[in-house]
Amino acid sequence: MIRETLAWMRRFGYVTTPAEEATAREAGFGELGALTYPHGSLEGAVLAAQLMVWLFLQDDRFSERAPACGRIEDLAEHILWSQRVLHGRAGDRAVPEPYLAALVDLRTRFTGMAADHEQVERFTDGFNRYLGAVAAEAIYRSRGIAPGLEQYLRLRESTILMRGMCFVVVELADDCYLPGPVWARRDVRRCEQAAARAIAYTHDTLSGLRELYWPGHTNLITALARHFHCSVPQALAKAVRMCEGQMALFHRLAGPLAGEGDARLARYVRGMGAWIRGNLDWSMTCGRYHVAAPRPPGELPTAFGA
């Protein structure tokens, strides 16, 4: 898994120097794929790991750095091209930069693995929701405006990209395609939502210390601190409780679904649970969220962009 992911990163220019390879190894993207898709095929887990590379690194470059450098138009161009690729309209025309070439590769492989066109549309629609939320987040960031808690939570529903991408890959990797009427059931959607929120809140809790150092960045912890006018440690405790609440809700909703007697649905629910656990394990051990010399909590910024 690690070997395939690093080779893919070299192929598309993410890794060009020994220092970049060391950073990539420390981030543990291959490990993320292995941990979050432990029951699936190697092909599906590798695809998932490489999708994670694309999402994390394009977020760093376009969603965060472009607005910070006053180049929000670079993000706009990236989103428009990404949508063109996702809808299969890039054709044979050369895309303007390696991130988009990587996305062409990912979409081509996903389409080849998909059960039918409906599954491709699930993936495309989820990705479009993600790109729309990225644009909204970048507007806030470029203007130095902090979204309120309600706005932040709505953004996070889309930027975490579980139902529309990661859980669709569960279907591919673990051979558990859900027909449209099953996939659209309210109880299935509620279970997916609880899993996605647990994953999002885990990410925000464990990445929060690093992100508090970034001017103009917002996170569940800072959104809670502003909303409740409380300290960062108090907001962190609230974020942890929110995460634990969603995990408990997922377990309550997952049991009946897994026990229905539908083997595909049971594997799908198992895959969501594996994502929750795998994301937690990866986030606790990867180098991406490590802060070498954290300051005491009382010295952390409590305001957006401080």
Side-chain angles (χ1 to χ4, degrees), residues 1-6 8-9 14 21-57 59-60 156 159-174 176 191-212 219-221 236-255 258 266-292 294:
M1 178 74 71
I2 298 170
R3 182 176 63 251
E4 285 88 349
T5 302
L6 282 170
W8 186 85
M9 293 178 76
Y14 293 106
E21 178 162 337
T23 300
R25 288 183 180 276
E26 185 180 24
F29 294 118
E31 290 88 338
L32 176 60
L35 288 166
T36 51
Y37 295 88
H39 308 295
S41 66
L42 177 61
E43 182 184 15
V46 168
L47 176 66
Q50 293 164 2
L51 278 165
M52 293 301 105
V53 171
W54 192 91
L55 288 166
F56 278 119
L57 298 187
D59 188 60
D60 290 349
R156 206 68 180 100
T159 57
I160 194 60
L161 198 56
M162 287 291 126
R163 175 176 167 81
M165 193 200 81
C166 298
F167 294 163
V168 178
V169 177
V170 168
E171 295 181 74
L172 298 183
D174 207 9
C176 56
C191 190
E192 291 169 336
Q193 185 180 62
R197 287 175 175 173
I199 292 163
Y201 301 163
T202 296
H203 174 273
D204 279 25
T205 299
L206 295 177
S207 69
L209 185 60
R210 183 187 80 150
E211 292 175 350
L212 284 169
N219 174 284
L220 177 61
I221 299 169
L236 177 59
K238 291 179 183 293
V240 170
R241 288 195 295 272
M242 289 174 65
C243 181
E244 291 174 341
Q246 292 301 319
M247 287 186 179
L249 179 60
F250 169 77
H251 284 294
R252 186 164 69 248
L253 297 173
R267 290 200 299 276
Y268 184 69
V269 170
R270 180 183 68 176
M272 289 191 288
W275 236 107
I276 294 173
R277 181 69 214 192
N279 173 67
L280 175 61
D281 289 342
W282 177 77
S283 298
M284 291 285 287
T285 58
C286 76
R288 184 173 171 84
Y289 303 134
H290 177 65
V291 176

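- Put simply, the side chain of Leu280 does not reach to within 4.5 Å of the side chain of Ile276, judged on heavy atoms.
- In this structure, CZ on Arg156 lies 8.0 Å from CG on Asn219, to the nearest 0.5 angstrom.
- Glu21 pairs by the salt bridge (charged side-chain N to carboxylate O under 4.0 Å, His left out) definition with Arg10, Arg25, not counting sequence neighbours.
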Chi angles and distances behind the side-chain contact (heavy atoms from CB on, under 4.5 Å) call for Arg277, Leu35
CA-CA 8 Å; Arg277 181 69 214 192; Leu35 288 166; over 6 Å; no
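- When side chains are defined from C-beta on, Glu43 does not count as touching Leu172, because their heavy atoms never get closer than 4.5 Å.
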Begin with the C-alpha distance, continue with both residues' side-chain angles, and end with the deciding distance and a verdict on side-chain contact (heavy atoms from CB on, under 4.5 Å) for His39 and Arg267.
CA-CA 9 Å; His39 308 295; Arg267 290 200 299 276; over 6 Å; no
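- Below 30°, between 30° and 60°, or above 60°: for Tyr14 and Trp8 the angle between ring planes is below 30°, a parallel geometry.
- No side-chain heavy atom of Thr36 sits under 4.5 Å from any side-chain heavy atom of Met52.
- Across all their heavy atoms, Ala198 and Cys243 have their closest contact at O-SG, 3.6 Å.
- Considering every non-hydrogen atom in both Ala258 and Ala266, the closest pair reads O-CB, 3.7 Å.
- Between Leu220 and His203, every side-chain heavy-atom pair lies at or beyond the 4.5 Å cut-off.
- Across all non-hydrogen atoms, the minimal contact from Gly44 to Ala173 is CA-CB, 3.9 Å.
- The closest side-chain heavy-atom distance from Asp281 to Met284 is not below 4.5 Å.
- To the nearest 0.5 Å, atom OG1 of residue Thr159 and atom CG of residue Leu55 are 10.5 Å apart.
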Steps toward side-chain contact (heavy atoms from CB on, under 4.5 Å) verdict (Thr205, Met242)
CA-CA 10 Å; Thr205 299; Met242 289 174 65; over 6 Å; no
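- Counted by atom type alone, Trp275 and Tyr37 present one or more donor-acceptor pairs between their side chains at under 3.5 Å.
- Counting only heavy atoms from C-beta outward, the side chains of Ile199 and Gln246 never approach each other to under 4.5 Å.
- The distance from atom OH of Tyr201 to atom CZ of Arg241, rounded to the nearest 0.5 Å, is 14.0 Å.
- To the nearest 0.5 angstrom, Cys191 atom SG is 10.0 Å from His251 atom NE2.
- With a 4.5 Å cut-off on side-chain heavy atoms, Cys176 and Val170 count as touching.
- Contact check for Asp204 versus Ile221: no side-chain heavy atoms found under the 4.5 Å cut-off.
- Interatomic distance, CZ of Phe29 versus CG of Leu6, reported as 10.0 Å (0.5 Å rounding).
- Across all non-hydrogen atoms, the minimal contact from Ile160 to Ala196 is CG1-O, 4.0 Å.
- The CG atom of Leu42 lies 11.0 Å from the CG atom of Leu47; values are rounded to the nearest 0.5 Å.
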